[in-house]
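Notes to accompany the following structure.
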Amino acid sequence: MADDKKLTPRAEDFSAWYNEIVLRAELADYSPVRGCMVIRPSGYGIWERMQRALDDQFKATGHRNAYFPLFIPQSFLEKEAAHVEGFAPETAVVTHGGGKKLDEPLIVRPTSETIIYAMFAKWVQSYRDLPLLINQWANVVRWEMRTRLFLRTLEFLWQEGHTAHATHDEAEAETRKMLGVYRDFMEGWMAMPVVTGRKTDSERFAGALRTYSCEAMMQDNKALQAGTTHNLGQNFAKAFDLKFQAESGSIEYAWNTSWGVSTRLIGGLVMTHGDDIGLRVPPQLAPVEIVIVPIYKTDEERARVLEAADRIVQGFGAWEHREPGRLRVHVDARDGIKPGAKYFEWEMRGVPVRMEIGPRDLDKDQVVLVRRDTREKRPASLNTLAEDVAELLSRIQADMLIAARERREQHSIREPITYDRFRELMDGEGAFVYAGWCGDAECEAQIKADTKATIRVLPDEEFRSADAPKSCLRCGRPASAEAVWAKAY
RNA sequence: CGGGACGUAGCGCAGUCCGGUAGCGCACCUGAAUGGGGUUCAGGGGGUCGCGGGUUCGAAUCCCGCCGUCCCGACCA
């Protein structure tokens with residue numbers, strides 16, 4: 001760990017503060033390859049829990065996992081016009097194999113629509129084969145110019161769902177359903193509140209009919225696009241000849257959807273919950289929910305305290321082999337490191353609850369519990385400890401979401417504001433600004449040029465203001481929709 | 001890809017202007033004491049100074065090229 005004891009103040013430089021947490025909490029590291037990242041065990045532990053929770057949800061909604069190739073023939077990408085236009089500039093291309101030049105270059109997948117729907121076309125003949133609901137966990141490559149740990153790397157690990165349906169409405173329902181799955185995960189597991197809604201044409205996925213997004217607010221008041229779902233219409237079905245015979249006997253093109261979230265979510269977690277001490281991990285995602293720090297002076301005390309810790313762990317179940325309903329506990333029995341040093345280390349890593357056990361506590365049949373989120377410290381009786389701790393953990397989970405949502409609402413502007421004030425806001429502290437939009441892409445582009453802010457989403461009904469805005473933020477013409485404006489990562 | 005800063009031990013840095021024995025703090029190893037919020041003392045290990053070329057008796061230091069990192073733009077999940 002580095003020499004200096006405090007983190008970079010986030011007010012001064014949010015980026016530096018973010019990097020500091022990611023590196024010091026050992027979530028990730030730079031790789032020898034430019035723009036790529038190594039996810040370290042403590043980061044991967046969080047990701048594994050995310051992955052399992054998401055995968056369970058995908059299964060529960062009828063999806064099955066499959067695996068498709070890393071390489072995509074260049075001609076596949078070119079079959080869908082908008083798709084190739086969107087992705088061609090950021091593809092990595094393999095031109096040689098076995099020491100020889102390839103007849104056709106292979107694209108390292110930036111996303112797998114093309115190769116997956118080419119396969120779907122083989123698998124689907126009848127309406128009875130639909131819906132086809134597939135998910136893939138894979139790494140993809142997008143040759144970004146500027147990279148950032150977790151948030152934008154050349155190669156990243158994600159999940160991409162791909163489905164085929166018989167009707168537009170069914171595909172649309174699937175697109176909305178998966179957006180809901182994402183939202184529930186981000187709020188329920190990550191304690192990261194999001195605003196959901198539809199993307200404007202300029203931010204729509206290359207090749208999609210409609211794109212929906214979950215947008216979270218980071219602590220510098222910028223937006224993070226945390227997950228997107230796309231109704232692809234029949235665009236890819238037509239490009240890859242994905243057809244089926246309907247009940248009526250007619251031959252029709254299928255309707256596709258795709259949706260994905262990535263390890264970017266870990267970055268979102270850091271930027272939502274990190275503080276100046278380090279990371280804060282919501283209990284649901286914490287590989288270790290409770291860390292026990294034993295306190296002792298003599299060998300006798302050490303034996304006594306560790307024995308008590310052991311009993312408590314037996315009561316909870318060891319975290320490496322957690323049974324459903326048990327708690328994930330770790331005893332930090334390292335000798336020669338003072339308790340204070342251990343406190344700082346585990347706080348940096350974001351473990352939700354710390355349990356201190358010393359001779360003075362055992363004399364009183366108690367331990368001391370410290371919450372990572374509020375740093376609140378209190379004694380707890382040994383008799384009811386398991387229930388007490390389980391209750392505390394679920395309260396922390398709930399409180400973290402509430403705190404994050406309150407913070408977001410404090411930095412959301414719903415009152416009508418002048419364009420000058422808007423520019424000032426985007427230039428300074430930032431915000432989610434709910435305001436009218438005339439629906440003109442040129443107006444949207446001009447605002448982006450002026451302020452770097454974009455329409456994050458045209459929000460879903462529950463996020464819309466009670467009084468619909470009447471005029472466009474910039475041009476003053478009648479508003480066709482309410483939009484959430486913000487600068488984004 | 002354009003502008004700026006930087007690359008020296010695992011991490012953070014000094015040394016570079018003005019060429020001449022590779023340094024500091026933390027971390028790590030050994031020993032002793034210590035132990036309820038970042039322990040102390042003593043001893044020790046660890047380096048092709050980002051890579052390649054050039055100038056020179058001699059290069060971390062000067063020159064050229066390349067690679068990488070960070071920040072600001074353009075692009076994007």
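Here is how names work: the chains are called A, B, and so on, in the same order as the sequence lines, proteins then strands, and each is numbered from 1. These values consider heavy atoms only, across backbone and side chains, with no hydrogens, waters or symmetry-generated copies.
Residue-to-nucleotide contacts include no donor-acceptor pair under 3.5 Å from the side chain of A:R24 to the base of B:rG12. Contact of A:R34 with B:rG68 (side chain to base): no donor-acceptor pair of N or O atoms is detected under 3.5 Å. Residue A:D335 places a side-chain atom within donor-acceptor reach of the base of B:rG35, judged by atom type and a 3.5 Å distance cut-off alone. Residue A:E347 places a side-chain atom within donor-acceptor reach of the base of B:rG37, judged by atom type and a 3.5 Å distance cut-off alone.
Using P as the reference atom, B:rU56 and B:rG10 are 34 Å apart when rounded to the nearest Å. Nucleotides B:rU61 and B:rG50 are separated by 16 Å at their C1' atoms, to the nearest Å. B:rC66 and B:rG73 have their C1' atoms separated by 24 Å, with the value rounded to a whole Å. Taking atom C1' on both nucleotides, B:rA74 is separated from B:rC17 by 35 Å, rounded to a whole Å. Taking atom P on both B:rG52 and B:rU48, the two are 12 Å apart, rounded to the nearest angstrom. Nucleotides B:rU16 and B:rA22 place their C1' atoms 13 Å apart, quoted to the nearest Å. Straight-line distance between the P atoms of B:rU39 and B:rC1: roughly 48 Å, to the nearest whole Å. Taking the P atom of each, B:rG20 and B:rC49 are spaced 15 Å apart, rounded to whole Å.
Comparing atom distances between the A:V370 side chain and each of B:rG37, B:rU39, B:rA77 picks out B:rG37 as nearest. In the set B:rG35, B:rU69, B:rC75, the nucleotide with an atom closest to the side chain of A:E144 is B:rC75. Of all nucleotides listed (B:rA77, B:rC71, B:rG35), B:rG35 comes nearest to the side chain of A:Y296. The side chain of A:N19 approaches B:rC70 more closely than any other nucleotide in the set B:rC70, B:rG35, B:rC75.
For A:R210 (side chain) and A:G233 (main-chain N/O), no donor-acceptor pair under 3.5 Å exists by modelled atom type. Not one N or O on the side chain of A:H63 forms a donor-acceptor pair closer than 3.5 Å with the backbone of A:I134.
At a threshold of 4.0 angstrom between heavy atoms, the contacts of A:G268 with the nucleic acid are absent. Nucleic acid contact for A:T263: none, since no nucleic acid atom lies under 4.0 Å from a heavy atom of the residue. Heavy atoms of A:R302 sit nowhere under 4.0 angstrom from any nucleic acid atom. Using a 4.0 Å heavy-atom criterion, one finds that A:V261 contacts no nucleic acid atom at all. At the heavy-atom level, A:R334 lies nowhere under 4.0 Å from the strands shown. In this structure, A:L224 reaches neither bases nor backbone, as no heavy-atom distance under 4.0 Å exists between it and the strands shown. Using a 4.0 Å heavy-atom distance criterion, A:Q225 is classed as a sugar-phosphate-only contact. Here A:G260 lies out of heavy-atom contact (under 4.0 Å) with every strand. The residue A:S15 sits close only to the backbone: its heavy atoms come under 4.0 Å of sugar-phosphate atoms, none of a base. Heavy atoms of A:P89 sit nowhere under 4.0 angstrom from any nucleic acid atom. Within 4.0 Å (heavy atoms only), A:K377 reaches at least one base atom of the nucleic acid.
Taking every heavy atom of both residues into account, A:N135 and A:N65 meet most closely at ND2-OD1, 2.9 Å.
The residue from A:K377, A:R378, A:E376 that alone fulfils the side-chain contact (heavy atoms from CB on, under 4.5 Å) condition with A:R371 is A:E376.
Note on ring orientation: taking the six-membered ring where Trp is involved, the planes of A:F156 and A:W158 are perpendicular (angle over 60°, cut-offs 30° and 60°).
Other residues, nucleotides and ligands contribute at most 12 non-hydrogen atoms within 6.0 Å of the CD atom of A:E442.
The partner of B:rG73 is B:rC1, by the rule that a Watson-Crick or G-U pair needs both atom distances under 3.5 Å. Base pairing of B:rC24: its partner is B:rG12, meeting the Watson-Crick or G-U wobble criterion (both donor-acceptor distances under 3.5 Å).
Taking for each of A:R142 and A:L362 the nucleotide of RNA chain B with the nearest heavy atom, the 5'-most of the two is the partner of A:L362. Nearest-nucleotide positions on RNA chain B place A:P359 closer to the 5' end than the other of A:A226 and A:P359.
By the 4.5 Å heavy-atom criterion applied to side chains, A:R198 and A:R204 are not counted as neighbours.
Across the protein-nucleic acid pair, A:R146 atom CZ and B:rG2 atom P stand 15 Å apart, rounded to whole Å.
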